[in-house]
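So that the names make sense, note that chain A is the first sequence line, chain B the second, and so on, each numbered from 1. Computed from heavy atoms alone, side chains included, the values below leave out hydrogens, waters and symmetry copies.
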Amino acid sequence: MAKLKVVVVGNGMVGHHYVETLANSDIDADICVIGGETRPAYDRVHLSEVFDGKAPADLALTTREAYEELGVDAHFGDFVSKIDRDNKQVVTEGGQVFDYDKLVLATGSYPFVPPVPGRERAHCLTYRTIDDLGEIKASAKGKQVGVVVGGGLLGLECANALKNLGLEAHVVEFAPGLMGVQLDEGGSRMLRRKIEALGVKVHTSKATEKIVEGDQHRLRMEFADETSLETDMIVFSAGIRPYDQLARDAGLKVGERGGIEIDYHCKTSDENIFAIGECAVLGNFIFGLVAPGYRMAEAAVLQLSDDKVSFTGADMSTKLKLLGVDVGSVGDSKGMADGALAFVFSDERDEVYKRLNVSPDGKYVLGATLVGDCDDYDTILQYYLNEIELPENPESLILPASDGAAPTLGVDALPMTASICSCHNVTKGDVINAIDNGCMTVAAVKSDTKASTGCGGCAALLKNVVDFELASRGVEVDTSICAHFKYTRQELFTIVQSTQTKTFDQLLASHGQGRGCDICKPAVASILASLWNEHVLASDLVPLQDTNDTFMANMQKDGTYSVVPRVPGGEILPDQLIALGEVAKQFDLYSKITGGQRVDLFGARLNDLPEIWSRLIEAGFETGHAYAKSLRTVKSCVGSTWCRYGVQDSVGQAIDIEHRYKGLRSPHKLKMAVSGCTRECAEAQSKDVGIIATEHGWNLYVCGNGGMKPRHADLFATDLDTATLIKYIDRFLMFYVRTADRLQRTSVWLESLEGGLPYLQDVIINDSLGIADDLERQMQHVIETYQCEWKTALSDDEKLKRFRHFVNSDLADDNVVFVEERGQKRPADLQEKAQKTLKAVS
Amino acid sequence: MGAQKLCNKKDLVVNSGVCALAQVNGQPQQLAVFYLPDTEQQVFAIHNWDPLGRANVLSRGIVGSIDNELVVASPLYKQHFSLTTGKCLEEDISVPTFAVTLSGDDVLLTA
Ligand code: SRM
Ligand SMILES: Cc1cc2nc3c(=O)[nH]c(=O)nc-3n(C[C@H](O)[C@H](O)[C@H](O)COP(=O)(O)OP(=O)(O)OC[C@H]3O[C@@H](n4cnc5c(N)ncnc54)[C@H](O)[C@@H]3O)c2cc1C
Ligand code: SF4
Ligand code: FES
């Protein structure tokens with residue numbers, strides 16, 4: 001029997017998916033594909049990334065060579081102009097003729113340009129293909145203003161592109177709101193606010209009457225309300241229209257509003273012709289997204305086999321980032337269904353808008369709109385897709401976590417048919433199948449099912465499903481801190497505490513393997529210190545410490561160190577300031593006031609450190625632990641002693657607290673602050689522990705953070721007397737030390753703590769775990785065993801023997817070279833070093 | 001050329017490193033010398049220069065093992081260098097290695 005001849009018209013995303021699916025199936029067919037664009041299929045969805053610097057070639061979904069390897073006969077840059085149904089042939093503009101047994105139309109759509117007089121002028125463009133990008137770029141070159149006509153999803157994406165090209169970007173929309181298709185009014189308004197804040201100018205309810213030559217810029221748009229706008233270019237993005245002329249000419253049935261009509265089998269009115277993707281219309285509906293197009297392609301391929309699966313429509317929910325703003329739309333996003341109940345949350349300060357539409361009986365999700373925060377998207381989508389019954393208070397799905405914990409949907413609640421990855425149509429069942437077949441990691445499941453290899457939006461959900469599934473089979477999900485210990489930091493802490501282990505070697509022998517590494521060694525050293533608080537340089541602890549702990553100073557980029565004495569609460573005696581200056585002068589150290597209300601002296605050579613510290617200790621200083629994962633500083637403001645607004649002695653409190661917790665080794669560094677009134681000059685709300693004075697006592701804040709991911713501290717308890725304040729901080733800190741991960745700041749720890757702040761308050765204030773006494777005792781031990789590490793080290797020659805660059809010579813490291821800048825030294829850069837060495841030689 | 005005495009055994013730090021100055025082909029070189037008493041070879045030496053952090057600091061890193069390879073982690077940016085081959089595990093770069101032994105109380109550079 002002759003092989004089945006399949007001809008595909010159009011090589012866009014969907015046409016390509018069809019070709020690839022068919023070529024890789026068991027169906028024996030000769031495949032020919034004819035694409036109108038000059039290049040093989042590429043990723044249209046990520047088109048705008050080209051404006052962020054991606055090369056057009058990186059968008060390619062395939063190549064001519066790849067098609068050749070698949071045995072596909074591919075032609076590019078020639079449009080099919082006629083279908084001859086009687087002779088089962090297609091003819092191209094270039095005059096090529098192809099015979100078919102089955103014809104697949106995947107011609108997609110083109111941008112709609114409203115019939116405004118003047119639209120044919122130069123610099124009136126569209127945005128759909130790689131070629132369009134080139135034109136937009138060329139037109140924008142050296143110009144100032146660009147307008148996008150159309151405030152839908154694509155229009156906004158295009159506005160972002162114009163912004164990236166350095167233009168002042170305007171969006172002109174006919175309707176009263178942005179993204180009217182996906183968003184309800186409230187969502188649309190919030191989106192507008194956010195986008196305007198980013199500098200894009202939005203004009204809604206504007207009908208363009210004509211486009212004429214401009215005075216200041218190339219063009220002028222004149223609107224129905226008699227206003228006008230000058231611009232250098234216009235990009236039309238006012239919707240899309242299916243490419244259906246070919247089908248119309250051939251007498252195929254088309255939809256009322258265009259599009260080639262298909263049935264559930266993706267068949268057109270001619271049983272040998274299929275239509276898929278954006279050119280097809282099913283029940284008057286066009287699916288303008290990739291995922292449904294892919295489903296159609298797969299269904300159309302299966303029509304050639306015995307397994308005649310149907311395409312019955314697809315979910316059109318989307319989650320995207322437009323101009324950096326998270327926007328999500330699920331199902332019936334505007335709540336149009338009869339009797340739908342809506343829950344709306346709007347936060348104008350943080351610019352977040354969420355709307356959840358549920359069925360009249362309150363049991364099921366019908367749809368949702370999310371603007372500014374899409375964290376709840378996955379959960380809501382799963383409720384929607386799988387018709388999972390809602391909890392009694394559906395609003396908890398969209399409320400911020402602190403106002404009554406939002407129940408994130410456990411992955412175990414998902415049915416087997418739940419879609420995990422919509423790009424590649426992978427269900428929870430498929431994932432579990434892959435695990436049954438031996439996939440033991442997320443990476444293995446990914447390569448087996450292709451899940452999460454499309455837009456990537458499902459990565460977190462996929463990981464949850466895989467982890468949960470593996471865990472429920474008793475497969476250890478690897479949370480071990482490294483290859484040497486199959487335990488988390490929390491588990492190691494419990495082990496060390498309950499077995500009273502005192503050294504790393506004991507722990508390695510009883511619970512680990514290998515020799516350890518730079519991950520587990522410092523982590524265990526920190527645990528041992530939190531529990532037993534021995535000197536950092538005790539002989540069996542030394543090999544575990546990071547270099548900063550080993551030399552009780554911070555290593556700088558050239559191998560020298562910095563010196564930071566403790567200045568509790570930032571209060572310092574004039575004589576101490578003088579001493580600092582003298583030491584800095586004597587050892588030629590670069591001096592700087594830090595962000596933590598103390599002084600840092602940089603550029604100390606290893607062999608000078610002991611001498612420097614003995615001078616500092618003489619002047620009454622102690623180590624500042626700037627090198628350690630432990631308490632850094634307790635910042636203070638002047639408070640009631642001097643300040644006309646202060647209501648408590650914030651300096652005194654800060655000093656007491658700094659002395660209490662100095663030297664406590666913890667999973668990560670700790671910072672604290674005390675402010676004397678609500679004006680908050682000490683920035684207590686950005687610290688791990690923050691204290692703000694009130695008329696009646698102290699308000700305690702916890703788990704704030706500056707740094708990479710700033711977090712405002714949470715108010716933990718109010719109007720405390722000093723004794724209660726200290727009790728809570730003792731417990732809080734020890735609970736953190738016990739249960740946090742390696743290098744996890746309190747902010748991240750709280751975010752990951754199940755039950756969140758209310759749980760933490762319950763443990764610390766109500767002693768719900770019955771461990772409060774234990775925590776306090778443990779803290780008392782650390783406080784009682786405090787020693788200034790530098791002071792102890794200075795009286796022990798064995799501990800000091802490493803403080804020289806060479807063990808066998810008094811020479812200094814000749815790679816450490818300084819130059820002068822603004823009256824102080826700094827490390828020389830490469831060039832300066834080369835020059836200095838040259839001079840020395842000549 | 002005969003063996004060169006670098007230092008005494010008591011100058012070494014158990015399961016960690018120190019830096020010793022050596023003359024190699026007439027040139028002064030900084031050696032990072034590690035003392036792992038529970039291995040057969042006991043002492044290991046690689047150059048002290050961290051080619052990625054561009055400073056003489058490798059002797060001050062943490063010693064450990066990764067897949068049975070003895071390594072030191074650079075204290076600057078934490079890349080691992082093999083104590084036996086000098087190879088960096090993360091980047092395509094190596095540091096020179098040196099043959100050292102313990103002879104009684106002396107640490108010797110043998111070649
Ligand atoms: C010296 C100083 C900058 C300055 O010139 O002012 C500084 C310097 C360093 N900071 Fe910092 N930080 C300094 C205040 C801060 C502050 C401000 C503050 O404390 O009020 C912050 C943000 C607040 C916070 O931590 O929440 C800060 C956030 C960081 C971070 C990011 C932490 C995070 O959670 O994201 C790091 C990296 C890390 O710890 O992993 C860091 C790490 C470092 C290190 C240790 C980097 C390193 O490994 O070499 C720097 C070396 C210090 C040295 O050699 O002595 N430094 N660093 C400040 C010392 C304060 C002190 O007296 O102890
Ligand atoms: C900027 C942009 C961003 C987008 N973002 C998203 C997103 O985030 N998520 C999402 O799901 N979707 C998104 N889309 C939509 C998505 O790209 C389309 O749904 C998808 O490309 C449709 O695929 P298709 O193959 O049906 O059509 P197309 O990709 O348009 O391909 C049709 C091809 O057929 C060719 N053709 C037409 N007529 C003929 C003919 N007579 N002969 C030969 N060839 C012909 C056309 O030139 C074209 O190359 C976006 C689209 C754009 C433009
Ligand atoms: S926080 Fe209050 S007491 Fe402290 S300095 Fe500011 S205004 Fe004064
Ligand atoms: S949903 Fe896009 S990759 Fe999975």
Identify which part of Leu70(B) has an atom lying under 4.5 Å from any heavy atom of chain A, answering side chain, backbone, both or neither.
-> side chain

Can you list every pair that meets salt bridge (charged side-chain N to carboxylate O under 4.0 Å, His left out) and has a residue in residues 36-46 of chain B, with sequence neighbours left out?
-> Arg515(A)-Asp38(B)

Val72(B), part contacting chain A, at a heavy-atom distance under 4.5 Å = neither

Do any N or O atoms from the side chain of Lys557(A) and from the backbone of Arg54(B) form a donor-acceptor pair under 3.5 angstrom?
-> no

Please flag which part of Ile519(A) lies under 4.5 Å from any non-hydrogen atom of chain B: side chain, backbone, both or neither.
-> neither

Sequence neighbours left out, what pairs pass salt bridge (charged side-chain N to carboxylate O under 4.0 Å, His left out) with at least one residue falling in residues 101-110 of chain B?
-> Lys5(B)-Asp106(B)

Minimum heavy-atom separation for Lys10(B) to Lys801(A), with atom names?
-> O-NZ, 2.7 Å

Least distance between heavy atoms, Pro543(A) atom then Ile62(B) atom = O-CG2, 4.1 Å

So, for Ala55(B) and Asn815(A), which heavy atoms are closest and what is the spacing to 0.1 Å?
-> CA-ND2, 3.8 Å

Can you name the closest pair of heavy atoms from Asp814(A) and Gln30(B) and give their distance?
-> OD1-NE2, 4.1 Å

Backbone N/O of Asp518(A) and side chain of His80(B): donor-acceptor pair under 3.5 Å = no

Mind checking which of residues 604-614 of chain A sit less than 4.5 Å from chain B, heavy atom to heavy atom?
-> Leu606(A)

Contact class of Asn48(B) relative to chain A, heavy atoms under 4.5 angstrom | side chain

Report yes if the side chains of Gln545(A) and Ser16(B) come closer than 4.5 Å at any heavy-atom pair, otherwise no.
-> no

Salt bridge (charged side-chain N to carboxylate O under 4.0 Å, His left out): which pairs involve residues 58-78 of chain B, sequence neighbours left out?
-> Asp546(A)-Lys78(B)

